[in-house]
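What follows is a set of notes on a single structure, which appears directly below.
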There are 2 protein chains.
Amino acid sequence: MDKAAVLQVFESLSSGIRLDVFRLLVQAGRSGRVAGEIASSLDIPSTNLSFHLKTLVQSGLLTVEQEGRFQRYRANIPLMLGTIAFLTENCCAGHPEDCAELRGAIPDVDAFLPPLECSKGDSCS
Amino acid sequence: MDKAAVLQVFESLSSGIRLDVFRLLVQAGRSGRVAGEIASSLDIPSTNLSFHLKTLVQSGLLTVEQEGRFQRYRANIPLMLGTIAFLTENCCAGHPEDCAELRGAIPDVDAFLPPLECSKGDSCS
DNA sequence: TCAATACTTCAATAATTGTTGAATAATTGT
DNA sequence: ACAATTATTCAACAATTATTGAAGTATTGA
């Protein structure tokens with residue numbers, strides 16, 4: 001897995017619609033969903049959904065299989081997890097355990113989030 | 001960690017420059033790097049780098065700390081890993097082991113990548 | 001205090017992405 | 001064969017993101 005592949009994965013998850021689609025399909029598991037089901041679940045015009053599905057298939061995060069006149073989409077979870085492996089490669093100069101530890105047990109992530117972003121004009125520092 | 005936060009993480013890694021910056025800092029570990037070091041390592045104009053660093057800090061993937069006139073950036077690895085936790089929530093309708101298994105041991109991911117994308121006009125099917 | 005250094009902000013512009021409706025292709029049931 | 005269904009492609013347009021150079025802020029060392 002090279003940089004270009006990883007970049008495609010992130011690009012393909014960097015849209016609210018595509019993130020919703022991927023999550024829906026992760027939850028659907030092996031049975032996946034056909035395009036029309038996705039469109040009605042998420043209330044997205046089919047023409048726009050097609051655009052986003054294409055992006056997700058190109059990155060490899062989704063697979064498609066034809067079923068008569070339906071197209072069945074499924075999530076590719078291993079690719080997702082492998083993307084993290086790429087990011088944590090050669091981790092932590094001299095303290096590789098900083099990554100290793102974390103790969104096993106995923107902690108309470110909220111503690112690592114930054115404070116809420118101050119939006120336009122309001123004086124919070 | 002909610003959808004908006006996860007989306008920001010993916011948006012902030014969906015640029016080649018930002019992906020390079022994050023990887024550089026993952027490898028740097030606890031010592032991080034100051035902005036100027038990042039700029040010269042990756043050969044990016046400082047004004048453009050600033051733009052990308054801001055994006056990464058806002059998503060939480062990087063932290064900044066002032067050091068005299070320098071700004072020291074560090075990668076936030078737990079946030080990265082937590083993002084995956086979010087994606088694999090409620091996984092795999094009836095077969096949760098599909099995710100659970102994979103969370104522990106990360107497989108040969110290349111096997112899950114799609115065939116090379118055919119670019120404009122060339123007849124490969 | 002003054003000049004040099006480190007970095008960021010701003011405004012203009014360039015480049016890329018997302019959305020829509022109309023047209024198209026493929027498949028099924030009658 | 002025909003009409004209905006499922007989904008995709010295309011071209012126009014809208015919206016968002018990225019890049020640059022000039023100007024600005026803050027810190028340091030002389």
Side-chain angles (χ1 to χ4, degrees), chain A residues 4 7-22 24-25 32-59 61-74 114 117-123 125, chain B residues 4 7-22 24-25 32-59 61-74 114 117-123 125:
Chain A
L7 193 51
Q8 273 204 295
V9 168
F10 288 125
E11 279 168 353
S12 76
L13 288 173
S14 69
S15 132
I17 288 181
R18 294 194 295 265
L19 187 54
D20 287 341
V21 169
F22 185 71
L24 178 69
L25 291 174
R33 293 284 184 268
V34 300
E37 290 170 337
I38 300 170
S40 60
S41 291
L42 302 178
D43 195 35
I44 300 163
S46 68
T47 186
N48 189 16
L49 179 62
S50 253
F51 168 81
H52 290 296
L53 288 172
K54 193 179 175 188
T55 301
L56 283 159
V57 170
Q58 277 178 13
S59 75
L61 276 177
L62 298 188
T63 61
V64 218
E65 190 187 0
Q66 183 155 9
E67 256 178 32
R69 57 184 141 177
F70 301 87
Q71 300 290 119
R72 182 166 300 272
Y73 289 89
R74 293 185 180 85
E117 178 63 7
C118 304
S119 32
K120 33 171 177 173
D122 57 337
S123 61
S125 63
Chain B
L7 193 51
Q8 273 205 294
V9 168
F10 287 125
E11 279 168 352
S12 76
L13 287 173
S14 69
S15 133
I17 288 180
R18 292 193 296 262
L19 187 53
D20 287 341
V21 169
F22 185 70
L24 178 69
L25 291 175
R33 293 283 184 269
V34 301
E37 289 171 337
I38 301 171
S40 61
S41 290
L42 302 177
D43 195 34
I44 300 164
S46 68
T47 184
N48 190 16
L49 180 61
S50 251
F51 167 81
H52 290 294
L53 287 172
K54 193 180 174 185
T55 300
L56 283 159
V57 170
Q58 276 177 14
S59 75
L61 275 177
L62 299 188
T63 60
V64 217
E65 189 188 1
Q66 182 154 12
E67 257 178 31
R69 57 185 141 176
F70 301 88
Q71 300 289 120
R72 183 166 299 273
Y73 290 89
R74 293 186 180 85
E117 178 63 8
C118 302
S119 33
K120 34 173 176 174
D122 56 338
S123 60
S125 63

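Chain identifiers are assigned alphabetically (A, B, ...) following the order of the sequence lines, protein sequences preceding nucleic acid strands; residue numbering begins at 1 within each chain. All of these numbers come straight from a predicted model, not from anything done at the bench.
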For nucleotides 9-13 of chain C, tabulate all protein N/O to nucleotide N/O atom pairs closer than 3.5 Å, reporting atom names and distance.
unit_1: dT9(C); atom_1: O4; unit_2: T47(B); atom_2: OG1; d: 2.6

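- Distance CZ (F70(B)) to P (dT8(C)): 12 Å, rounded to an integer number of Å.
- Between L13(A) and L7(B), the shortest heavy-atom distance links the atoms O-CD1, 3.7 Å.
- Distance E11(A) CD to dT17(C) P: 6 Å, rounded to the nearest Å.
- Taking atom CD1 on I44(B) and atom P on dT20(D), their separation rounds to 10 Å, with Å as the unit.
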Toss me the dot-bracket line for DNA chain C: Watson-Crick and G-U wobble, both under 3.5 Å, 5' to 3', using | for pairs to another strand and [ ] for crossers.
||||||||||||||||||||||||||||||
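- Heavy-atom minimum distance, S12(A) versus L61(A): OG-CD1, 3.3 Å.
- Once rounded to the nearest 0.5 Å, the distance linking CD of Q71(A) with CG of L62(A) reads 12.5 Å.
- To the nearest angstrom, P of dT17(C) lies 14 Å from CG of L56(A).
- Under the salt bridge (charged side-chain N to carboxylate O under 4.0 Å, His left out) criterion, the residue pairs touching residues 64-74 of chain A are E65(A)-R74(A), E67(A)-R72(A), with sequence neighbours excluded.
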Distances under 3.5 Å between nitrogen or oxygen atoms of protein and nucleotides 11-13 of chain D:
none

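- For the pair Q71(A) CD and dA25(C) P, the computed distance is 16 Å after rounding to whole Å.
- We find that CD1 of I17(A) is positioned 13 Å from C1' of dA15(D), with the value rounded to whole Å.
- Qualifying side-chain contact (heavy atoms from CB on, under 4.5 Å) partners for I17(B), counting only residues two or more places apart in sequence or in other chains: S15(B), V21(B), I44(B), N48(B), H52(B).
- One finds a side-chain N or O of Y73(A) lying less than 4.0 angstrom from the OP1 or OP2 phosphate oxygen of dT8(D).
- Judged by distance alone, the side chain of Q8(A) and the main-chain N or O of F10(A) form no donor-acceptor pair under 3.5 Å.
- One finds the OG atom of S59(A) at 13.5 Å from the NZ atom of K54(A) (value rounded to the nearest 0.5 Å).
- Here salt bridge (charged side-chain N to carboxylate O under 4.0 Å, His left out) pairs that include residues 9-20 of chain B, with residues two or more places apart or in two chains, are K3(A)-D20(B).
- We find that CZ of R18(B) is positioned 13 Å from C1' of dT16(C), with the value rounded to whole Å.
- Side-chain atoms of E37(A) come within 3.5 Å of backbone N or O of V34(A) as a donor-acceptor pair.
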Can you list the steps and then say if L25(B) with L56(B) is a side-chain contact (heavy atoms from CB on, under 4.5 Å)?
CA-CA 11 Å; L25(B) 291 175; L56(B) 283 159; over 6 Å; no
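- If you measure from atom CG of L49(A) to atom P of dG21(C), you get 15 Å, rounded to the nearest angstrom.
- Here A35(B) pairs with L53(B), Y73(B) under the side-chain contact (heavy atoms from CB on, under 4.5 Å) rule; sequence neighbours left out.
- For dT19(C), the OP1/OP2 oxygens have a side-chain nitrogen or oxygen of H52(A) closer than 4.0 Å.
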Do any N or O atoms of the protein come closer than 3.5 Å to N or O atoms of nucleotides 27-30 of chain D, and which pairs are they?
none

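- Of all heavy-atom pairs spanning L24(A) and S41(A), the tightest one is CD2-CB, 4.1 Å.
- Between the S50(A) side chain and the T47(A) main chain, no donor and acceptor come within less than 3.5 Å of each other.
- Listed by residue number, there are no residues of residues 33-42 of chain B with a heavy-atom contact under 4.0 Å to DNA chain D.
- For F51(B), the ring pair (Phe, Tyr, Trp, His ring centres under 6.0 Å) test picks out no residue, with sequence neighbours left out.
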